Amino acid sequence: MPELPEMEHYRSQLSPLLCGQRITGVTVNRAKTINEPIEAFESALRGRTILFVERKGKHLLFHLDDGHRLHLHLMLGGWLAYGEQGPKKDSHFQVILRFGDGNSLFFGGLRLGYLHRITAKAALEEMKELGPDPFDSRLTLEAFGKRLSGKKGKLKTTLTDQRFLAGIGNCYSDEICFDAKLHPAAAASSLDSASVERLYNSIRKVLVEAKEVGGYMEHPLTPDDTLTGGYNDQCRVYDRKDEPCLVCGTPIKFETLTGRKMFYCPNCQKDS
DNA sequence: AGTTGGACCCGGACGC
DNA sequence: TGCGTCCGGGTCCAAC
């Protein structure tokens with residue numbers, strides 16, 4: 001479930017904690033989470049130093065001093081914790097990285113999620129299909145409008161397409177459409193120029209707001225982290241079926257669109 | 001090309 | 001309290 005704001009929040013919190021840290025211990029409790037035999041994974045990581053943490057869409061890449069990357073995707077339910085001890089028993093975490101200063105990074109809830117050790121080249125290869133970051137300065141309103149006009153699908157489907165933009169998922173696509181007063185099932189290429197501009201601005205506005213209040217992850221990263229999860233009660237439409245629209249009071253509608261949950265206000269959100 | 005449906009996975013919610 | 005069942009959700013892939 002974590003989307004761009006959650007992963008960016010993780011990245012910015014983890015960067016000062018992890019940069020320059022040397023991995024002194026590795027525990028893997030779930031073999032499927034990683035991409036090589038546990039022994040090989042552990043011995044390759046032990047002694048390595050984390051240089052920096054990079055985010056691409058919903059992916060995190062931990063850059064190691066041997067040219068390899070640890071590639072993390074949390075998928076649904078994945079979460080991270082950092083500190084001297086984890087918030088649960090060690091055995092509940094799929095992977096634990098221990099550092100020289102006594103702190104550890106705990107990887108929890110990885111069911112479909114994964115932590116792969118790959119080369120820099122492989123990382124580039126795996127990220128090359130991703131669309132631009134929503135905050136990429138080259139993604140001007142004009143460039144965005146051009147990309148959008150070439151899409152034949154529905155608006156929500158387009159927003160969650162990682163090749164169109166990297167990092168938007170089910171929750172924020174609905175929140176963005178609400179903010180832009182656009183129906184999520186509208187044809188993406190049918191929007192008039194005023195709508196395209198509202199959408200462009202809403203993407204940045206919603207993602208920035210969510211990031212600033214700590215995203216919607218439930219677990220704090222560290223014991224003294226009070227910021228994480230601040231967006232939980234700020235969703236205006238997502239998971240608010242039948243609750244009144246915060247703008248007009250109309251009950252929020254819930255439908256599925258190509259198999260995914262879709263929440264919107266039938267009064268505020270129009271087709272173009 | 002876009003849409004649909006199934007597979008993947010298992011913690012947590014729910015029912016009895 | 002305990003045990004069984006089912007759901008969810010991002011991504012990939014095959015079939016329309």
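Here the structure is a predicted model, which is why all the values come from computation and not from measurement. Letters go in sequence order (proteins before strands), and every chain restarts at 1.
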Polar atom pairs between nucleotides 3-5 of chain B and protein, under 3.5 Å, N or O only, would you list them?
{"unit_1": "B:dT3", "atom_1": "OP1", "unit_2": "A:Lys154", "atom_2": "N", "d": "3.4"}

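Straight-line distance from the CD atom of A:Gln162 to the P atom of C:dG10: 9 Å, rounded to whole Å. One interatomic measurement links the two molecules: CD of A:Glu218 to P of C:dG8, which rounds to 16 Å at whole-angstrom precision. The distance between atom CG of A:Leu110 and atom P of C:dT11, rounded to the nearest whole Å, is 14 Å. Going from atom CG of A:Leu72 over to atom C1' of C:dG10 covers 14 Å, rounded to whole Å. Atoms CD (A:Gln94) and P (B:dC9) sit 13 Å apart, rounded to a whole Å. Computed from coordinates, the A:Arg30 CZ to B:dG11 P distance equals 9 Å when rounded to whole Å. As a whole-Å value, the separation of A:Asp161 CG from C:dC13 P is 15 Å. In this structure, A:Lys261 atom NZ and C:dG8 atom C1' are separated by 8 Å, rounded to whole Å.
With A:Thr228 as the fixed residue, the side chain to side chain donor-acceptor pair (under 3.5 Å) test singles out one of A:His9, A:Glu218, A:Glu6: A:His9. Remark: of the listed residues A:Arg69, A:His71, A:His73, A:His71 is the sole one forming a side chain to side chain donor-acceptor pair (under 3.5 Å) with A:Glu126.
Defined by atom type and a distance below 3.5 Å, a donor-acceptor pair is missing between the side-chain atoms of A:Tyr216 and A:Gln234. For the residue pair A:Arg98 and A:Ser104, a side-chain donor N or O sits within less than 3.5 Å of a side-chain acceptor on the partner. Counted by atom type alone, A:Ser195 and A:Asp192 present one or more donor-acceptor pairs between their side chains at under 3.5 Å.
A salt bridge links A:Asp239 with A:Lys261: the closest approach of a Lys/Arg side-chain nitrogen to an acidic carboxylate oxygen falls below 4.0 angstrom.
Between C:dG10, C:dG9, B:dG12, one nucleotide has an atom nearer to the side chain of A:Lys88 than all others, and that is B:dG12. Which of C:dG10, C:dG9, B:dC9 sits closest to the side chain of A:Lys58 comes down to C:dG10. Considering only side-chain atoms of A:Arg111, the nucleotide from C:dG9, B:dC10, C:dT11 that sits closest is B:dC10.
Distances shown here put every side-chain N or O of A:His73 at or beyond 4.0 Å from the OP1 or OP2 atom of C:dG10.
Members clustered with A:Leu130: A:Leu61, A:Met127, by chain and number, using a 4.5 Å side-chain heavy-atom cutoff among hydrophobic residues.
Using a 4.0 Å heavy-atom criterion, one finds that A:Arg163 contacts no nucleic acid atom at all.
Comparing A:Gly150 and A:Lys32 by the nucleotide of DNA chain B whose heavy atom lies nearest to each, the residue mapping closer to the 5' end is A:Gly150.
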